[in-house]
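Computed from a predicted model, the values in this text were never measured in an experiment. Here is the naming used below: chain letters follow the sequence lines, and residue numbers restart at 1 for every chain.
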Protein chains: 2
Amino acid sequence: MIEVFIIDDHPMVVAGIQALLNHSEVVRICGAAHDAGTALEMLGTSTAQVVLVDINLPDMNGIDLCVLMRKEFPKLKILGLSTFKERSYITRMMEAGASGYLLKNASKEELEDAVVAANKGRAYLSMEVAATLAVAQSVPSAIPMLTAREKEVLHLIAEGLTNQEIADKLFISILTVDSHRKNLLAKFGVKNTAAMIKTALELRLIAF
Amino acid sequence: MIEVFIIDDHPMVVAGIQALLNHSEVVRICGAAHDAGTALEMLGTSTAQVVLVDINLPDMNGIDLCVLMRKEFPKLKILGLSTFKERSYITRMMEAGASGYLLKNASKEELEDAVVAANKGRAYLSMEVAATLAVAQSVPSAIPMLTAREKEVLHLIAEGLTNQEIADKLFISILTVDSHRKNLLAKFGVKNTAAMIKTALELRLIAF
DNA sequence: TTTCATCTCCCGTAAAAAGGGGATTTTATC
DNA sequence: GATAAAATCCCCTTTTTACGGGAGATGAAA
């Protein structure tokens, strides 16, 4: 029996996965948490071999949690879980060390297959996910690697703050903000703020 | 017993709702469909009093489906169901004639309460949803009424074009583009492009 | 026919942002 | 302690936006 732990803040989804895997002969749900914090605690004393992680958690995003879990529990296999088949999400999740990525419209069979594959150390992607990735490869829309400070500045730009206001808020010179902004535009490969905000939102580097 | 029909393309969610309402003494699941088309067919011969409708369906969006169902089955009570607590979505769903709006992180109790309230003809909103709406009211971020030309300009701004480039593309003076831009900023109630693009995307006035 | 919204164009000023260099100091890593 | 990456600050120029006012043409609805 492969033991699975669920991290998802939607009771319906947790109950759904439990219901779907209830009569499985290979997989067993051994626990669930509704946020990253309690999940990390519970995993310390858990015997789970595979975790199902929702991408959107109340206290942390799935990618960061993935990185944390890889450090703390290296043997644990991680399966991403989300409603969205967005290139950026999927690739980032896989880069963060996930063994696979499932959409929430996955069937019982897909779910079971994914867990089994992950447990064997193999990667698993839903059919639809694999398809989007195939398309994604032909149109490589790379995700800019932003530094912490750049992300911070990007957020404030998106809020509508001017360089001066950002400088005041971060207690740095406006010249520095200007530099960050310059670097951001370069990394995004765009020539003005409007396009940058659009692609940043598209790539989920910022949220509404 | 209130009979509930579920329209959602995520097997986990359908199974989850069923599991959550399984032992309920007031609510009973009487059927489910994974897309709008089959749902409309099945509802014709269904005895359901309440429908739970996911906002994102493969063949139609929840708002349009809501309007359709209101026409075809006026007695049916509709509850929107979604992961997102976006003002625009919620209000539009309610305007389309829904009796309520539930988040997918609703608890068993919330779910049951919502169905009961809807069946009695009362509106129901999840706690979180009500909170976001309350915030929305205090900060009236109504959806700006944009003219056709303004939408056109907004799109081109989002693409990263400058006023000059937009003027060339639309065969109008740069001064005109400037005016449209001014009016856009005013209508959005923001003071620069970055904030405008963000809210425009949030309100779905433009897409990625 | 008048009113109203929309689209168009105009003036002028001030403030931001974009673009092109550079340089110095932290900070983390090897 | 050397290396590299990040964060900080600097100068200069040009372009683009933002913001304050208008004002005429057109077409549709009242």
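With sequence neighbours excluded, no residue forms a salt bridge (charged side-chain N to carboxylate O under 4.0 Å, His left out) with B/Lys77. In this structure A/Glu112 satisfies the side-chain hydrogen bond (donor to acceptor under 3.5 Å, both in side chains) test together with A/Ser24, sequence neighbours excluded. In this structure, the side-chain contact (heavy atoms from CB on, under 4.5 Å) partners of B/Val67, at least two apart in sequence or on a different chain, are B/Ala96. In terms of the side-chain contact (heavy atoms from CB on, under 4.5 Å) criterion, residue partners of B/Lys169 (sequence neighbours excluded) are, by chain and number, B/Leu156, B/Leu161.
Taking five base pairs at each end of the helix from C/dT1-D/dA30 to C/dC30-D/dG1 and finding the rotation axis that steps the C1' atoms of four pairs onto the next four gives two axes whose angle is 60°, to the nearest 10°.
Nucleotides of DNA chain D with any atom under 4.0 Å from a heavy atom of chain A span, from 5' to 3', D/dA6 to D/dC10.
Following rounding to the nearest Å, A/Leu161 (CG) and C/dA15 (C1') show an atom-to-atom distance of 16 Å. Rounded to whole Å, the distance from CD1 on A/Ile166 to C1' on C/dA16 is 11 Å. Distance, A/Leu184 CG to C/dA18 C1': 13 Å, rounded to whole Å.
A/Asp168 and A/Gln164 form a side-chain donor-acceptor contact under 3.5 Å, judged by distance and modelled atom types alone.
Panel note: side chain B/Asn119, backbone B/Val115; no donor-acceptor pair is recorded below 3.5 Å.
Between B/Glu152 and B/Thr147, every side-chain heavy-atom pair lies at or beyond the 4.5 Å cut-off. Between A/Glu150 and A/Asn183, the closest side-chain pair of non-hydrogen atoms falls below 4.5 Å. Using a 4.5 Å heavy-atom cutoff, the side chains of B/Ile78 and B/Met69 are in contact. For the pair A/Leu65 and A/Leu40, the minimum side-chain heavy-atom distance is below 4.5 Å. The shortest distance between side-chain heavy atoms of A/Glu159 and B/Lys198 falls below 4.5 Å. At a threshold of 4.5 Å between non-hydrogen side-chain atoms, the residues B/Leu102 and B/Leu52 count as touching. Inter-residue side-chain proximity for A/Tyr101 and A/Leu81 is flagged as unmet; no heavy-atom pair is nearer than 4.5 Å. Within the 4.5 Å cutoff, no side-chain heavy atoms of B/Val53 are placed close to those of B/Leu79.
Residue whose closest nucleotide on DNA chain D sits further toward the 5' end, between A/Phe171 and A/Lys187: A/Lys187.
Listed in residue order, the members of residues 146-156 of chain B having a heavy atom less than 4.0 Å from DNA chain C are B/Thr147, B/Ala148, B/Arg149. A heavy-atom distance below 4.0 Å to DNA chain D is reached by none of the residues of residues 191-200 of chain A. The stretch residues 174-183 of chain B touches DNA chain D through B/Asp178, B/Arg181, B/Lys182, each having a heavy atom within less than 4.0 Å of the strand.
Heavy-atom neighbours of A/Met145 CE from other residues, nucleotides or ligands within 6.0 Å: at or below the threshold of 12.
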Write down the protein N/O and nucleotide N/O pairs, taken from nucleotides 25-30 of chain C, whose separation is under 3.5 Å; answer none if there are no such pairs.
none

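Sorted by first then second residue, the side chain to side chain donor-acceptor pair (under 3.5 Å) pairs that include residues 36-48 of chain A, not counting sequence neighbours, are A/Glu3-A/Thr47, A/Asp35-A/Thr38.
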Distance-only donor-acceptor hits, side chain of residues 188-195 of chain A, under 3.5 Å, sequence neighbours excluded:
| residue | atom | partner | partner atom | Å |
| --- | --- | --- | --- | --- |
| A/Lys191 | NZ | B/Glu165 | OE1 | 3.0 |
| A/Lys191 | NZ | B/Glu165 | OE2 | 2.9 |
| A/Asn192 | OD1 | A/Ala194 | N | 3.4 |
| A/Asn192 | OD1 | A/Ala195 | N | 3.2 |
| A/Asn192 | ND2 | B/Gly160 | O | 2.7 |
| A/Thr193 | OG1 | A/Arg181 | NH2 | 3.1 |

For this session: I would like to know whether A/Asp54 and A/Val13 meet side chain to side chain contact (heavy atoms under 4.5 Å, CB included); could you show each step before the answer?
Result: CA-CA 10 Å; A/Asp54 186 34; A/Val13 175; over 6 Å; no
